[in-house]
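Only one structure is covered here, and it is reproduced in the block below.
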Amino acid sequence: MRAQDAMLTAIRGRRAVAAIFLANGFLTGSWAPQIPVFLSRLDISKFTLGLLILLFGVGAVIAMTWCGHLISRHGSRTVLRWFALCGSLGLLVVALAPNVPLAAVAMIIFGGSIGGMDVAMNANAVAVERRLSRAIMSSSHGFWSLGGFAGGGLGGFAIQHYGHLAHAAVVTALAFAVIAVAVRHLIAEDRPQATEHHKFALPANPLVYLVGLMALLAMISEGAVLDWAALYLRQELGADLAVAGLAYAGFSGVMAVMRFFGDGVRNRFGAVTTLRVSALVAAVGMLVAGLAPSPWLAIAAFAFCGFGIANMVPIIFSAGGNQEGMSSGTGMSVVTTMGYCGILVAPSAIGFVAEHSSFGPIFVALSGLLIIVLLMAGLAHRAEFAPAPAE
């Protein structure tokens with residue numbers, strides 16, 4: 001009977017952490033259609049917008065760095081509760097910022113809350129996996145993409161008809177409600193372990209850095225679509241706000257579907273083959289998006305790109321965690337740190353380039369980065385027959 005109760009608790013914990021992933025994706029996806037309004041209402045250049053997005057990344061990286069230490073002391077459930085509840089307010093804080101200095105502070109807060117929430121929810125998903133003795137990570141990230149699809153798809157329509165503040169307020173209320181219910185059912189690790197003190201040393205195996213480079217290149221593309229696709233459709237292809245928001249919605253919606261099927265695809269065809277085909281599909285989608293003459297073709301191309309990118313990062317991370325001659329934690333830390341630089345920091349550099357160019361050529365160039373991943377895919381052989389970890 002006690003074993004049955006423990007299993008029911010684990011199942012509720014699995015549903016709870018899935019809801020947190022969904023809310024995190026919804027908040028992140030809802031930010032994408034806010035970007036064109038953010039640019040115009042603050043009357044800033046793309047260069048300044050790039051700096052503000054960089055501050056989002058800075059806040060996220062700082063929070064991620066401290067989050068591991070907090071989890072080791074207090075457990076992922078406690079840390080996730082606080083970051084998730086604070087994170088639900090992040091978009092509203094940004095939407096309320098009346099000028100650039102306050103917007104900069106708001107972006108750091110928003111980035112920090114989302115970044116800390118990201119690390120804690122992944123750590124809690126690992127705890128659920130241990131309780132259930134089965135993998136849930138790929139589908140958890142599927143819920144994240146599903147939330148991004150809903151946020152991006154509904155955001156543009158809501159902003160156009162009701163305004164950016166009303167949109168941010170509704171997003172905040174929905175996210176807070178989901179999170180408030182979910183945090184009550186999160187499970188805790190059996191015993192949070194204090195961080196052991198070891199002398200810091202970078203891994204000597206160069207292969208782990210090459211795998212990290214693949215993660216970086218893949219996640220640059222994901223971050224670029226999140227932060228710049230709506231503005232690309234709005235400014236260069238003449239789409240209205242409702243249509244512009246569909247770019248990231250299509251991208252994340254297709255990713256969600258593919259992530260729910262990702263483990264099965266990889267088990268059937270192998271990690272390296274799946275990564276190669278995925279990188280090729282993503283590169284073609286990004287290339288067509290950059291050359292698209294109309295908003296709807298660009299939206300379809302971004303969705304096709306999401307079809308490819310969906311399972312690239314889980315495979316790459318799995319390869320990083322299975323490197324020979326080092327612990328899985330050491331390899332994973334290198335690859336994830338390099339990868340998250342792509343999704344959190346690199347998009348700001350795109351803003352700097354877009355100030356003197358246009359977004360079309362940038363997306364074409366990103367397709368070239370995905371081809372590099374295709375050529376490097378053989379390095380992911382360590383992911384064969386290994387479960388896919390978090391992104």
Side-chain angles (χ1 to χ4, degrees), residues 32 141 145 148 210-230 232-233 236-237 246-259 261-262 265-266 269-320 335 338-343 346-347 349-350 353-354 357-381 383 388 391:
H141 284 274
S145 296
L210 293 175
V211 174
L213 177 60
M214 288 197 293
L216 174 67
L217 298 178
M219 295 181 79
I220 283 174
S221 297
E222 188 172 344
V225 177
L226 167 64
D227 287 321
W228 299 111
Y232 169 51
L233 265 67
E236 297 182 19
L237 299 182
L246 294 177
Y248 182 68
F251 177 82
S252 59
V254 172
M255 277 210 306
V257 173
M258 284 307 299
R259 281 176 168 169
F261 292 99
V265 171
R266 179 174 140 194
F269 298 104
V272 173
T273 300
T274 303
L275 180 57
R276 282 178 177 151
V277 174
S278 296
L280 179 60
V281 169
V284 170
M286 194 70 79
L287 177 64
V288 174
L291 298 175
S294 68
W296 290 107
L297 179 58
I299 290 168
F302 281 126
F304 191 69
C305 183
F307 184 86
I309 284 182
N311 292 305
M312 290 174 64
V313 171
I315 291 172
I316 293 169
F317 279 17
S318 182
V335 174
M338 293 179 69
Y340 273 110
C341 285
I343 200 170
I350 293 174
V353 176
S357 177
S358 60
F359 286 111
I362 292 173
F363 286 118
V364 171
L366 290 177
S367 70
L369 299 185
L370 293 167
I371 291 295
I372 294 175
V373 178
L374 167 64
L375 298 175
M376 299 174 67
L379 297 174
H381 69 278
E391 76 179 62

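Atoms considered below: every heavy atom in the structure, side chains included; atoms not considered: hydrogens, waters and symmetry mates.
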Residues two or more places apart in sequence or in another chain: which of them pass side chain to side chain contact (heavy atoms under 4.5 Å, CB included) with [X]?
{"X": "Ser358", "result": "Glu236, Pro361"}
{"X": "Ala32", "result": "Leu226, Tyr248"}
{"X": "Ile309", "result": "Ser221, Glu222, Phe251, Met255, Ala282, Cys305, Met312"}
{"X": "Leu287", "result": "Leu291, Val364, Ser367"}

Looking only at heavy atoms, what is the nearest atom pair of [X] and [Y], with distance?
{"X": "Ala301", "Y": "Ala289", "value": "CB-N, 3.4 Å"}
{"X": "Ala380", "Y": "Leu275", "value": "CB-CD2, 3.7 Å"}
{"X": "Ala224", "Y": "Ile350", "value": "CB-CD1, 3.5 Å"}
{"X": "Val313", "Y": "Ala218", "value": "CG2-CB, 4.2 Å"}
{"X": "Ala298", "Y": "Leu233", "value": "CB-CD1, 4.0 Å"}
{"X": "Leu216", "Y": "Met338", "value": "CD1-O, 3.3 Å"}

> How would you list, by chain and number, every residue that makes a side chain to side chain donor-acceptor pair (under 3.5 Å) with Ser145, sequence neighbours excluded?
Replying inline: Arg259
Once you round to the nearest 0.5 Å, how far does [atom1] of [X] lie from [atom2] of [Y]?
{"X": "Thr274", "Y": "Asn311", "atom1": "OG1", "atom2": "CG", "result": "7.5 Å"}
{"X": "Met214", "Y": "Leu379", "atom1": "CE", "atom2": "CG", "result": "5.0 Å"}
{"X": "Leu213", "Y": "Ile372", "atom1": "CG", "atom2": "CD1", "result": "7.5 Å"}
{"X": "Leu280", "Y": "Leu375", "atom1": "CG", "atom2": "CG", "result": "10.5 Å"}
{"X": "Ile315", "Y": "Thr273", "atom1": "CD1", "atom2": "OG1", "result": "9.5 Å"}

>> Give me each pair satisfying ring pair (Phe, Tyr, Trp, His ring centres under 6.0 Å) with a member in residues 360-379, each pair once, sequence neighbours excluded.
In response: Tyr232-Phe363, Phe302-Phe363
> Hey, are the side chains of Val211 and Ile316 touching, using non-hydrogen atoms and a 4.5 Å cut-off?
Replying inline: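 In short, these two side chains touch, coming nearer than 4.5 Å.
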